[in-house]
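To start, the structure itself, in structure tokens.
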2 protein chains.
Amino acid sequence: MKFDDAITIKDIAKALNLSTSTVSRALRGRYEISAETKKLVMEYAERMNYRPNPIALSLKEQRSKAIGVVVSEIANNFFSQAINGIESIAYNNGYHVIITQTHESKEREMVNIQHLVSRSVDGLLLSLSCETTDLSYLKQLHEKGFPIVQFDRVTNEIDTHRVTADNYMGAFQATEHLIAQGFRKIGHITSTSNLSITRERLQGYRDALEKHNMSYDAGLVKHCTHGGMIYDEVEEAVESLFQSRSKVDAIFTAGDRLTTVTLSALKNVAKKYKQVGFIGFTNTNLAELFTPPVSVIRQPAFEIGQSATELLIRMIESKRPVTEFENRVLPSSLIIRESSALIPS
Amino acid sequence: MKFDDAITIKDIAKALNLSTSTVSRALRGRYEISAETKKLVMEYAERMNYRPNPIALSLKEQRSKAIGVVVSEIANNFFSQAINGIESIAYNNGYHVIITQTHESKEREMVNIQHLVSRSVDGLLLSLSCETTDLSYLKQLHEKGFPIVQFDRVTNEIDTHRVTADNYMGAFQATEHLIAQGFRKIGHITSTSNLSITRERLQGYRDALEKHNMSYDAGLVKHCTHGGMIYDEVEEAVESLFQSRSKVDAIFTAGDRLTTVTLSALKNVAKKYKQVGFIGFTNTNLAELFTPPVSVIRQPAFEIGQSATELLIRMIESKRPVTEFENRVLPSSLIIRESSALIPS
DNA sequence: TTGTATGCGTTATCAA
DNA sequence: TTGATAACGCATACAA
């Protein structure tokens with residue numbers, strides 16, 4: 001059924017007693033067409049509000065002027081902000097954006113990518129899911145020259161452009177900040193070490209401790225394999241950090257979700273303790289609602305989205321295959337609030 | 001360029017020395033084809049990992065097995081949860097979801113809708129933007145029989161299926177709750193009255209006041225035209241509610257964003273006051289981070305998404321045009337926390 | 001039971 | 001300068 005009253009080139013041709021090819025050429029302003037015919041066609045098209053059918057174009061050109069985005073969750077401020085950045089650039093370049101979520105499932109990830117590719121997206125913006133292990137399909141795609149840009153959660157196993165936040169430096173500064181505040185036993189709640197971001201942040205944390213001659217204790221690092229999707233997992237982590245053997249006086253959290261949920265858990269668990277230092281990676285404005293407001297590390301999500309999209313579109317539109325891949329690292333920013341000490345009610 | 005090594009029906013036909021139509025029919029399990037040929041084709045297709053090209057199908061069938069979603073912002077918990085609901089149903093029915101954002105701009109809204117339609121989405125899930133005024137295009141589309149389901153922010157000017165939260169009852173109960181807590185002067189921060197949700201909530205608020213013999217004062221209702229997108233607007237609203245002439249002792253906020261931002265503003269502004277009652281519509285878990293946690297009205301976002309999608313798919317797949325439209329109203333739930341009183345630090 | 005031809009909307013190639 | 005035709009991948013009416 002056609003609900004779209006969109007007229008086609010054929011309709012124009014018929015109405016004007018021309019051939020479809022003439023109309024097509026006139027519309028695209030080709031030099032072979034007489035100014036007269038051109039004007040005729042253009043005006044008629046304008047008047048009838050002609051729009052080329054994108055589907056037909058996709059079929060013909062084997063491209064769609066659309067880019068696919070694969071993220072774990074859009075209900076995550078980092079990603080929704082990144083998507084806004086992606087859209088802003090894509091939009092300005094005449095590209096359409098198709099967003100898909102993996103919900104951290106590798107099957108979902110695979111299905112989404114395949115679907116996007118078969119839908120002829122011209123390129124892919126990819127932030128890997130926690131689970132991802134088998135990258136062979138992606139690798140193949142990339143080797144065939146399919147434009148892919150990784151952002152945020154990246155892997156070195158596929159050599160593409162990469163755009164990330166400076167997770168290392170963010171974590172380093174965050175940890176130093178807690179140390180400067182006088183906290184001596186800093187716990188770290190993070191997600192699976194599968195993820196690049198997890199490893200980078202952990203390294204920043206370790207190096208900061210080392211710089212200040214504080215020993216690294218693996219027992220103080222809690223990996224939540226579901227990245228904060230499951231509350232109980234986080235609460236358990238928080239609780240274990242407060243157990244006698246390894247009682248921390250401060251906590252540093254790694255992700256948007258993890259930060260949110262840890263703060264919630266702290267409300268319940270930390271009551272028993274006088275003061276808990278806190279800092280976390282987050283792009284929500286949650287933390288300022290705390291009493292007193294806590295410090296956070298904010299990531300340049302919007303800019304990451306923009307940057308990744310620029311690179312992708314450049315790849316798509318360049319004639320020759322790209323061989324040199326960029327690694328853009330955008331600075332995270334430390335936001336220091338009144339106090340990083342949480343005073344339980 | 002073809003990066004997808006997807007084989008086509010033609011390839012199969014060639015390899016098996018059959019015609020494309022035979023292959024096509026075999027693949028679709030038509031009865032005319034001999035079991036033998038069917039098996040042959042099926043197996044080969046399976047082995048070569050054949051996938052029909054969705055673009056070609058769209059062009060042919062004038063449908064895409066995709067549904068378009070138009071919301072104002074995905075960086076809004078209500079919508080991201082609703083989208084999850086939408087995806088869950090769409091996915092199970094073999095539909096693909098294309099999400100677009102209007103950022104509350106009516107131009108953006110128009111462009112998105114047209115783009116989706118020209119991309120042959122089979123139906124539209126629509127949550128109107130604040131600004132929307134000219135509905136003629138949408139009306140036309142609907143009159144031509146294009147499947148549209150409105151959700152959350154709806155208008156009566158277009159007669160479609162509608163799925164909403166029970167905003168009226170939510171607001172009514174919220175207001176009653178504040179009254180029960182002893183607050184006597186309750187301010188209401190909401191968005192433009194263009195929006196159905198705004199009007200419903202306002203009515204709930206008014207009726208609750210009336211029931212308890214409290215007079216309604218229009219001066220205590222602040223409309224933020226940008227729905228909380230602009231902080232200053234909200235802060236101004238909060239401040240004016242605390243001015244001597246109309247000093248409120250409690251605030252009731254209308255939207256996800258508005259609630260978040262008002263809470264932030266309260267942190268700054270309300271410091272001067274001893275106690276402020278608070279309740280707001282929100283789907284974030286922000287409110288529990290407050291000290292003490294505040295009460296909220298939570299909307300069944302996920303279920304709204306699911307329900308709207310069910311209706312839409314039913315419309316898409318039904319042969320005869322729908323004439324009777326449903327108005328589904330799903331209950332909001334009041335979440336009472338320790339206290340709805342905010343104690344400034 | 002299978003094959004041929006046509007069309008979905010567009011553009012490119014070749015011919016006029 | 002313009003037109004006829006084929007092609008993108010698929011499904012179907014019609015022929016065989």
Side-chain angles (χ1 to χ4, degrees), chain A residues 1-42 44-45 48-66 115 117-122, chain B residues 1-42 44-45 48-66 115 117-122:
Chain A
M1 248 175 298
K2 272 180 65 83
F3 302 102
D4 211 3
D5 30 36
I7 66 165
T8 71
I9 277 194
K10 223 186 215 165
D11 298 324
I12 302 184
K14 206 171 295 170
L16 266 40
N17 249 318
L18 289 168
S19 75
T20 57
S21 32
T22 305
V23 175
S24 171
R25 277 179 288 221
L27 252 16
R28 327 193 82 228
R30 293 300 188 86
Y31 64 97
E32 317 117 334
I33 304 294
S34 71
E36 200 183 7
T37 320
K38 236 180 224 170
K39 186 157 162 271
L40 192 69
V41 172
M42 294 287 210
Y44 187 81
M48 303 302 281
N49 196 29
Y50 168 78
R51 297 272 173 278
N53 179 324
I55 305 248
L57 275 173
S58 291
L59 184 60
K60 183 95 188 69
E61 317 260 307
Q62 308 284 8
R63 64 163 181 69
S64 57
K65 277 283 191 176
H115 189 253
V117 172
S118 76
R119 273 256 151 213
S120 296
V121 293
D122 298 338
Chain B
M1 243 174 304
K2 273 182 63 85
F3 302 103
D4 209 5
D5 30 35
I7 67 164
T8 71
I9 276 193
K10 220 185 215 165
D11 298 324
I12 301 183
K14 208 171 294 169
L16 265 42
N17 248 319
L18 289 168
S19 75
T20 58
S21 40
T22 305
V23 174
S24 170
R25 279 180 287 226
L27 252 16
R28 327 195 81 232
R30 292 301 186 88
Y31 63 98
E32 316 116 336
I33 304 294
S34 72
E36 201 182 5
T37 320
K38 238 180 222 170
K39 183 155 165 273
L40 192 69
V41 173
M42 296 288 212
Y44 186 81
M48 302 303 278
N49 196 30
Y50 168 78
R51 296 274 173 276
N53 178 324
I55 304 247
L57 272 173
S58 291
L59 186 61
K60 179 91 186 78
E61 315 263 303
Q62 307 284 11
R63 63 162 183 71
S64 57
K65 278 282 190 179
H115 189 253
V117 172
S118 75
R119 272 258 153 212
S120 295
V121 294
D122 299 339

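Chain naming here is simple, since letters A, B, ... match the order of the sequence lines and numbering starts at 1 in each.
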| query | So, for B:I55 and A:S58, which heavy atoms are closest and what is the spacing to 0.1 Å? | reply | CD1-CB, 3.6 Å

Report the distance from atom [atom1] of [X] to atom [atom2] of [N], rounded to the nearest whole Å.
X     : N      : atom1 : atom2 : result
A:I7  : C:dG9  : CD1   : C1'   : 12 Å
B:M48 : D:dG9  : CE    : P     : 15 Å
B:E61 : D:dC10 : CD    : C1'   : 8 Å
B:K60 : D:dT12 : NZ    : C1'   : 6 Å
A:L27 : C:dA12 : CG    : P     : 13 Å
B:R30 : D:dA13 : CZ    : C1'   : 11 Å

Check DNA chain C against [range] and give the residues with a non-hydrogen atom under 4.0 Å, in numerical order.
range                     : result
residues 11-23 of chain A : A:S21
residues 31-40 of chain A : none
residues 50-57 of chain B : none

| remark: Given the options B:D11, B:L18, B:I12, B:Y44 meets side-chain contact (heavy atoms from CB on, under 4.5 Å) only with B:I12

| field | Axis-to-axis angle between the two ends of the helix from C:dT1-D:dA16 to C:dA16-D:dT1 (five base pairs per end, rounded to 10 degrees) | value | 60°

| request: Please work out if A:R63 contacts a base, only the sugar-phosphate, or nothing of the nucleic acid, heavy-atom cut-off 4.0 Å. | output: nothing

| field | DNA chain C: 5'-proximal contact among A:S24 and B:L59 (nearest heavy atom) | value | B:L59

| To the nearest 0.5 Å, how far apart are OG1 in B:T37 and CG in B:L16? | 9.0 Å

| field | Rounded distance (nearest 0.5 Å) linking atom OG of A:S64 with atom CG of A:D122 | value | 4.0 Å

Is the shortest side-chain N/O distance from [X] to OP1 or OP2 of [N] below 4.0 Å?
X     : N      : result
B:Q62 : C:dG9  : yes
A:K10 : C:dG7  : no
A:R28 : C:dT11 : yes

| remark: Residues passing the side chain to side chain donor-acceptor pair (under 3.5 Å) test with A:N49, sequence neighbours excluded, are A:R51

Please table the atom pairs, donor to acceptor, closer than 3.5 Å between any side-chain atom in residues 20-33 of chain A and protein atoms at least two apart or in another chain.
from, atom 1, to, atom 2, distance (Å)
A:S21, OG, A:S19, OG, 3.1
A:T22, OG1, A:S19, OG, 2.9
A:R25, NE, A:S21, O, 3.4

